[in-house]
Q: 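Have a look at this one before I ask anything.
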Amino acid sequence: MDPIQVSNELSFRVGFSGHSGHLRVEPLSSVERPKPEHSIPDFILPPAFPKETPESIKKYIEETYLEPRLDTDEFAPEKVGKQWEFDWFDKAKVPLEPSVPRTVVVPIWEPPFRRPVKEKWKPKFEEVSVSDLASGAVESGPLPRTSAKDFVRGSINNRPFRPGGLDDSQNLNRSLPPGASNGEWVREILNGGPAQTIPPSLKQGLDLGALKRYPLSWNVYKDADTPKGPLDENLSGLSVQFDDLFKKAWDEDVVGEQEDGHLSEGETVTLEAEVDTTEVSSKASESAMSLDDILSADSEGSQLHLEGLSDVVGQKQKLAWAKLEDSEEIAGRFHELIPDMALEFPFELDAFQKKAIYYLEKGESVFVAAHTSAGKTVVAEYAFALASKHCTRAVYTAPIKTISNQKYRDFCGKFDVGLLTGDVSLRPEASCLIMTTEILRSMLYRGADIIRDIEWVIFDEVHYVNDVDRGVVWEEVIIMLPRHINIILLSATVPNTVEFADWIGRTKQKEIRVTGTTKRPVPLEHCLFYSGEFYKICEREIFLPQGLRAAKDASRKKHLTAGVSSGPKPGTSAGHDNARGQKRENTPRTKQYGTNFSGTGSGYHNNGNGQSRWRQEASMWLMLINKLSKKSLLPVVIFCFSKNRCDKSADSMTGTDLTSSSEKSEIRLFCDKAFSRLKGSDRNLPQVVRVESLLRRGIGVHHAGLLPIVKEVVEMLFCRGVIKVLFSTETFAMGVNAPARTVVFDTVRKFDGKEFRQLLPGEYTQMAGRAGRRGLDNIGTVILMCRDELPEESDLKHVIVGSATRLESQFRLTYIMILHLLRVEELKVEDMLKRSFAEFHAQEKLPEMQQLLKTKLNQPKRVIECIKGEPTIEEYYDLYMEAETYNNQISEAILLSPNVTPFLNTGRVVVIKSESAQDHLLAVIVKTPSPSNKLYIVFVIRPDMSFPVENASSGGNSQDKSSTFDQGFFVMPKSRRGLVDEYTTSVSARKGRGVINIKLPHRGSACGMSYEVREVDIKEFLCICSSKIKIDQVGLLEDVSSSVYAKTVKLLQDLKSDGNKYPPALDPVKDLKLREAKLVETYRKWTKLLEKMSQNQCNGCIKLAEHLKLAKEIKAHKEEVCSLQYQMSDEALQQMPDFQGRIDVLKEIGCIDEDLVVQMKGRVACEMNSGEELICTECLFENQLDELEPEEVVALMSAFVFQQKNASEPSLTPRLSDAKNRLYKTAIRLGELQAQFNLPISPEEYAQENLKFGLVEVVYEWAKGTPFADICELTDVPEGLIVRTIVRLDETCREFKNSAAIMGNSALCKKMEIASNAIKRDIVFAASLYITGV
C-alpha cells in the first residue's frame, strides 16, 4: 500500500501481517527538515481519506475504472489465509507466464420454444467467471492422468469430485481466523498485535522468545489552517474517521456471534460505518451532487455490507425444492414449446411424459412417479437422445443386473450404448452407459474421469431405496453426484414422492420437477378364485365387497355339502388340505425349506402324504388354467413365493400342453440356438433338460435358482408370447419388463427371511402391474387363489387398495464409506450424515433453530445483585436442585417401605402433591384405608382455591352460612364466641358409625382458608411429617360441623407458625428405621448437601426466594441455549454414536491414525467392495492366503460372497479346514472389538452373517476343473446361486489383486490372477443372451 501523506508530513501505512488477518499501522521515516526538533508534531490519527483535488479524483477514476485490478472477491480480507503471488507492502510481482484468464465467453443456451422459428437460431454469448464454470466440476486429481485404464473405473489414488450442493458449506469456504472475526484486529491497529510466528497450515512455528507487543497511541484532529471549500464540506460529511470506522467493532459489539472463535454457519461479520447509505443517496437526489461527491459516495458505499446475507440464506433454506407440476398447459402446447425434439416417438406421448421431456429440454432434474408399464422408460430414452445431441454422456443405473442387461438389449439399436456391471464391461467409451448403482458409487468415490462428461444420471426403480441391504447405495450416489450432473428418477407410485424429491433438491441445491400419473395404462380388475369360480372384488381401484360376500356364501354352502357327504369332493380337498398347511406357516421351516430357501408358506411338501397333495394341487392348477384358457386370459404369470414351490407346481402339470405345433417348433429352434453355446456335459444338465421340456409345452419357471442362461431363455420366450403359463417368484416383477394378460397370486403371504407376513401394498402393486399388455388388452386381470379359507375383507382392502409403502431412509454407516470420505476434504462423514434422507427433517428445521438461538443469545442477560458481596446464588440453586432430587428419591422409597404403614394413621400430617399450584399441599389423614376402600381420606388446605359454595349434597347440618362469604370473611374474637364456636360440639364425644355423609371431594372454607376433603392414593403422598394433630373424625365426615372444620384448619395453620412451609418430615433412618444400603447412602448425600446449603451465604437471606426464582430462569435460559446448540451440532445426528464407535475400531486395527489420516491398511480396505471390508483386510494383513494354493484361495474367498444362510455342510481338506477356522476366528475377534466399542454387534452373528462356507468345497472342485454337473451333486444349493457366487468371486479376485499390489505382495497378486483364470470357464461365464443376441 502506498504511503499516505498527512498534513504535517508524517507518513504511515496500513497493511496486513501474517495469515491471520492482523492489520498494523506503521509510521514511515519522515522527510529531513532544517530543524527537525521543532517540526516533529504530536502523533495524530490521520483522517480516513486525504484531501481531494482534481488530480487525486482523476487518479482515482483511472485506478478504479480504467486500469486492470485485482479481483475484490478473490482477494477479500476474509480470504487472507491464502498465499498470494504479490507483496501487499511493495508491488505485485509480475509472473513470468501469462496468467489464467479470469473470465471467458460462452454461448447462452435458449430453450427451443424461445428460438426464432423462421430463421436459423444463432446463440448469444456472455462473459462469465472461470470459477463459476469450474465450481461444479472440480477435477478429481492432478493432470495429466498417469493411466488411461482408470478413465472409466477410476483409481483409489484419484481425488473424488466435489459433491453438488456443498458450495455454501462451512467446510468449503475458508473460515475467518479468530483475529479477523472477533474484532481484535480493530484494537491491534491502535495497540499493536502479537508477533505471527506460526506459518499457514503448520501446527508449530518459530520460537522467537518472549516478544512484547508494540504499544501505539493515536490522536486525530482537524487542521484549522486549511481553508475549507464546498468539496471539503461534502467530504467531511461523507468521509469516515478511524474512531468512527471502528466504533461499532469494539463499543457496540456489532461483530457477528462467535462460537469457539469461528463464525457459525449462516452468520456473517458486519463491519459498517455509521454513515447510512440510504441517507447518502437521498442527499444525492436532493442537492444534485457533483461527480466528485458521487465518487466519494461510491467509495463509501463500497464498504463491506454483509448483514443481509443471513436473511438471504434463511429465505433460501425455506424454498421448496420439489416443484409439483399439475399444469396441463405444457401438454397442450408441447409441440409448440419443443418444435425440434431430440428423439421422435411413433406414438402420442402421455401428459406426464411431455412434461418430463419439456423439463429435460430446459436442463432441469426430474422425478417421474408412475405405475408399472406406464411408460417411464420414454423419459430415459429422451435423456439418452439429449446426451447424444449435446455430445455428452448419460448413465442409466438399475438395482438388478437383469434390468441392466435387458435395457442394454432394448437401447442397443437406438443409441451408442455401453454396459458396465461387476463382471461385464462392454464399450465403456459409449455416450450412453448402463450400469448397476454400485458401479456408479465406486466411480464417484474413485474419481473416474468419465464423470466430467456425464450430463444425466437416470435412477430406475427408485423405490428400491427401501431395500434394507442396498438402499443406502442410492442415498450415497445422490449425495456424491457433482453439481453439473442432472438427475432423472423413475419410481413406482409412492405416497411421499414430493418429500423425497424435496430432500434431493435440498441436498443438491437445485429444483426437482415432480411429475407422473396415478392412472394405469391398462385398468385392472381383481378377482378371487374359489372352488372353481371367479369372484370380482375390485375394479378400477374401487373395492367391491359384494364379490367377497358372494365368495363367502359359496364357502358356507360348500362346507355344508362337505359335512353331509362321506368324503371330500375332488374340487375341495386341495383347499381343505391347504388350510391345514397354512396353519403350519408360523412353525419353523423344515430342513428342505431351510436348506433351499424354497419352501412355501403352505407347507404341502412337508407332509407324509405329499404325493397325493401335489396331485390335488395339480388338479387345482389345471382347473384354473382351463378356466383362463376358455376366457382368453392367457398368458398368465403365477407368483409363488418359493423357488421349490415354483418347480413342483410346474412339474405337477405333466399332462398339460398349451402350445401349437408352430410354437413348439419356434421354442425348439430358439432353445437349440441358445443352448448351443454350452459345452457337451453342460448341454445335458438336468435343469436345462427339465426346463426345455416344460417350455415345449408352454410352461415356464423363473426364479433365482435357475442358471442365468436358462432364465434368459425363459424371459425371451415369454416376451415372444409362446409361454402361456409362467410360475415365478417376485423377482420377475422387478427385473423383467414382460407384461402378461393375467397375474395370479398363489398366496398373499410370504416369508421375508425373518418371518411370514402379509404382502405389502407396494409389493402387491408391483407384481399386479404386470397384468395387462398395453395396446393388446383392454383390461388386466389379477387373481388371488383361495383354497379353503377366504381372506378377511380388511386384509384384502389393505393389500389391493391400500397406500403404497413410503420411501424411507435405509442409510447406515459402513467402514468403506467412512474410509472413502476421510480421503475427501470436500465432504466429511458428518456432512454425509446430515445430507442423508434420515436427517432430512432435522436439517430442514435448522434455519428456524438458528434464528431461535440468535434470539436467545441476544436477550439481555439477567444479573443477580447480592447485598452480601459476590453472588453465590447459582451455586446455592444447584445444591438446592440436587437436594430436591435426593429428597424425592428418599420420599419414594419411604412410601414403598412396609415400615411406614404404622405411621400413616388418623391425625398424621402429610404433604400431598399439587396438580396445579407450584407449592405442594399440607394435609392431615382423616380416615385410613379399609378392606372395601384402599384409599386414604385426607383433609387438605388449598391456598390456591377461591372460597367456593359448599357442596349441595353435604347433608342436613353440613352447610354453614359463614362458608358462603367472600374473602372479607373474618373470625370473631375468642371473647365473643359462644360455646358452640369453641371448636367443640356436643356430639364430638360420641362414637361414630363410620358413615360418610359428605360427597367426596368436599370443598369449603374456614378461617380465611379454603379446604378440601378427598380420597388419595398413597402414591400421592410426597412427605410424611413428624407432626400429628387431634382431629374429630365424626365431626368431619358424619356430622359435618363447620366448627370442626375451622378447628382443623386452625391446627394445620399453627404448624406453619414458625415460618416453615411444612412441618419437618420423619427421618427415614432414625424414625422409620430403614436399613436399605442404597437408601442410607442417598440419605447421607442429602444431609451433606443440606450442610453445604446452610454454610452458603445465601442461606437465610431475605431475598432468597426472589433470587432462587431468578436463578431458575437463568438456568432454564442456559439449558435452552445449550439444547439448541446441541441440536444444531453434529453430535445430535442419529448415527453419530455409531460413527464414533466405528472410528475407534478403525484406529484400533490401524486403518487410520490418531489424526484420521487413512493408512495403507485403510487404502486396502477401500478396495473391498464384495465382502466385509474389515475381515478381508485382516485376512490379507495376517497373510492367511500366502500358504494356500490358488484353488484353495478362491474356495476360501467364496465365504465372502455366498449369501444363502443354510446349506449342507461341505467336506473340506485339512488345509482348507484350518484356513476356514483361522478366518472364522479373525471374524470373531473383529466382532468382539466392535462390541467393545459399543457397536450393536454380536460377535457370533457378525461372523456367521459375513462368512458363509457352504460353497467352499464346490468352488474348490470347480477351480480344479471338475465339470459343473458333478459339482452340483456336492451340495443342495440351486445351480443358479452357484453360478452367481462364482461370477461374483471373479470380481473379488480382482479386488484382492489390487489390494495385494497396494501392499507390494507380488506373489499374492500373481496367485489371485491364477485363481481368477481357474474359475472363468464353461457355463458359469457363458455370455448373456441379451448382450450377444441369439
Side-chain angles (χ1 to χ4, degrees), residues 111-113 320-339 341-386 394 396-398 407 410-411 456-465 486-502 504-505 510-524 540-541 737 739 762 765-766 768-775 780 803-804 806-807:
F113 53 87
W321 295 100
K323 302 293 183 181
L324 186 60
E325 299 301 330
D326 294 329
S327 173
E328 297 299 329
E329 182 181 0
I330 296 174
R333 300 176 51 214
F334 179 70
H335 296 289
E336 177 186 348
L337 295 174
I338 309 179
M341 292 182 64
L343 178 65
E344 297 291 341
F345 295 94
F347 50 85
E348 180 64 23
L349 298 175
D350 292 338
F352 81 92
Q353 294 169 333
K354 292 179 179 179
K355 293 176 187 177
I357 289 173
Y358 167 77
Y359 290 115
L360 293 188
E361 283 282 358
K362 291 182 67 177
E364 299 186 27
S365 298
V366 178
F367 192 131
V368 181
H371 283 296
T372 305
S373 303
K376 299 187 291 289
T377 309
V378 167
V379 183
E381 291 184 26
Y382 199 84
F384 276 7
L386 280 178
Y396 180 99
T397 69
K407 293 299 180 185
D410 295 343
F411 295 151
W456 306 97
V457 169
I458 304 151
F459 294 94
D460 198 4
E461 309 288 352
V462 174
H463 50 274
Y464 209 83
V465 76
N486 291 318
I487 302 172
I488 300 172
L489 303 115
L490 310 178
S491 169
T493 52
V494 289
N496 58 334
T497 302
V498 176
E499 179 190 10
F500 192 76
D502 193 37
I504 296 174
K510 60 172 64 177
E511 291 183 352
I512 308 292
R513 300 286 180 173
V514 180
T515 183
T517 179
T518 56
K519 180 183 177 183
R520 288 188 177 276
V522 180
L524 298 181
R540 298 184 183 274
E541 310 298 328
N737 183 17
T765 303
Q766 178 80 18
R770 295 301 173 194
R773 298 162 295 180
R774 191 169 188 174
S803 178
R806 292 169 55 87
L807 293 178

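Scope of the values below: all heavy atoms of this structure, side chains included, with no hydrogens, waters or symmetry mates.
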Q: Donor-acceptor pairs under 3.5 angstrom involving side-chain atoms of residues 513-520: please list them, not counting sequence neighbours.
A:
from: Arg513; atom 1: NE; to: Glu364; atom 2: OE1; distance (Å): 2.7
from: Arg513; atom 1: NH1; to: Glu325; atom 2: OE2; distance (Å): 2.4
from: Thr517; atom 1: OG1; to: Lys519; atom 2: N; distance (Å): 3.0

Q: Tell me whether Asn486 contacts the main-chain N or O of Trp456 through its side chain, where contact means a donor paired with an acceptor under 3.5 Å.
A: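 No, Asn486 side chain to Trp456 backbone: no donor-acceptor pair under 3.5 Å.
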Q: Tell me the closest heavy-atom pair linking Ala374 and Gln353, and the distance in Å.
A: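 The pair with the smallest heavy-atom distance is O-NE2, 3.9 Å.
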Q: Does Lys376 use its side chain to pair, donor to acceptor, with the backbone of Val368 at less than 3.5 Å?
A: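 It does not hold such a pair.
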Q: State, to 0.1 Å, how close Tyr358 and Phe334 come at their nearest heavy-atom pair, and which atoms those are.
A: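 Shortest heavy-atom contact: N-CE1, 4.4 Å.
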Q: Are the side chains of Arg774 and Ser373 in contact, using a 4.5 Å heavy-atom criterion?
A: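 With C-beta onward as the side chain, the pair stays apart.
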Q: What residues, two or more places apart in sequence or in another chain, satisfy side-chain contact (heavy atoms from CB on, under 4.5 Å) together with Glu344?
A: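 With neighbours one apart ignored, the set is Met341.
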Q: In Å, rounded to the nearest 0.5 Å, how long is the span from CZ of Arg806 to OG1 of Thr497?
A: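 Nearest 0.5 Å value for the CZ-OG1 distance: 10.0 Å.
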Q: Applying side chain to side chain donor-acceptor pair (under 3.5 Å), can you list everything that pairs with Lys407, at least two apart in sequence or on another chain?
A: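 Partners of Lys407 under the side chain to side chain donor-acceptor pair (under 3.5 Å) test: Thr377.
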Q: I need the minimum non-hydrogen distance between Ala804 and Pro495, along with the two atoms involved.
A: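 Nearest pair, atom of Ala804 first, then Pro495: O-CG, 3.1 Å.
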Q: CZ/Phe367 to CD1/Ile488 distance, rounded to the nearest 0.5 angstrom?
A: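 Separation between the atoms: 12.5 Å.
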Q: Does Ile458 offer a backbone N or O that forms a donor-acceptor pair with the side chain of Thr397 under 3.5 Å?
A: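 Yes, the answer is positive, given that a donor and an acceptor are paired below the 3.5 Å cut-off.
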Q: Determine whether Thr372 and Gln766 make a side-chain contact, defined as any pair of heavy atoms from C-beta on separated by less than 4.5 Å.
A: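 Yes, close enough: below the 4.5 Å cut-off.
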Q: Could you grab the distance from atom CD1 of Ile512 to atom NZ of Lys323, nearest 0.5 Å is fine?
A: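 It comes to 11.5 Å.
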Q: Between Leu349 and Val378, which heavy-atom pair has the shortest distance, and what is it?
A: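 Looking at all heavy atoms of both residues, the closest pair is CD2-CG1, 3.8 Å.
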Q: What is the minimum heavy-atom distance between Ala356 and Val379, and which atoms define it?
A: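 Smallest heavy-atom distance, with atoms named: CB-CG2, 3.8 Å.
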Q: Taking the basic N atoms (NZ, or NE/NH1/NH2) and the acidic carboxylate oxygens, is any pair closer than 4.0 Å for Lys355 and Glu328?
A: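 Counted as a salt bridge, because a side-chain N and a carboxylate O are separated by less than 4.0 Å.
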Q: Output, in order, the C-alpha distance, side-chain angles, deciding distance and verdict of side-chain contact (heavy atoms from CB on, under 4.5 Å) for Leu386 and Glu361.
A: CA-CA 8 Å; Leu386 280 178; Glu361 283 282 358; 3.8 Å; yes
Q: Measure from the side-chain N and O atoms of Tyr382 to the backbone N and O of Leu343, and report whether any donor-acceptor pair falls under 3.5 Å.
A: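 No; zero donor-acceptor contacts below 3.5 Å.
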Q: Please give me the minimum heavy-atom distance between Leu807 and His463, naming the atom from each residue.
A: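 The answer is CD2-CA, 3.5 Å.
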Q: How about Val462 and Phe500: do any of their side-chain heavy atoms sit closer than 4.5 Å?
A: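 Counting from C-beta outward, Val462 and Phe500 do come under 4.5 Å.
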Q: Between Ile504 and Phe459, is there a side-chain heavy-atom distance shorter than 4.5 Å?
A: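 No; the side chains remain at least 4.5 Å from each other.
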Q: Looking at CD1 of Ile357 and CG of Leu337, how far apart are the two atoms once the value is rounded to the nearest 0.5 Å?
A: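 It is 12.5 Å, given to the nearest 0.5 Å.
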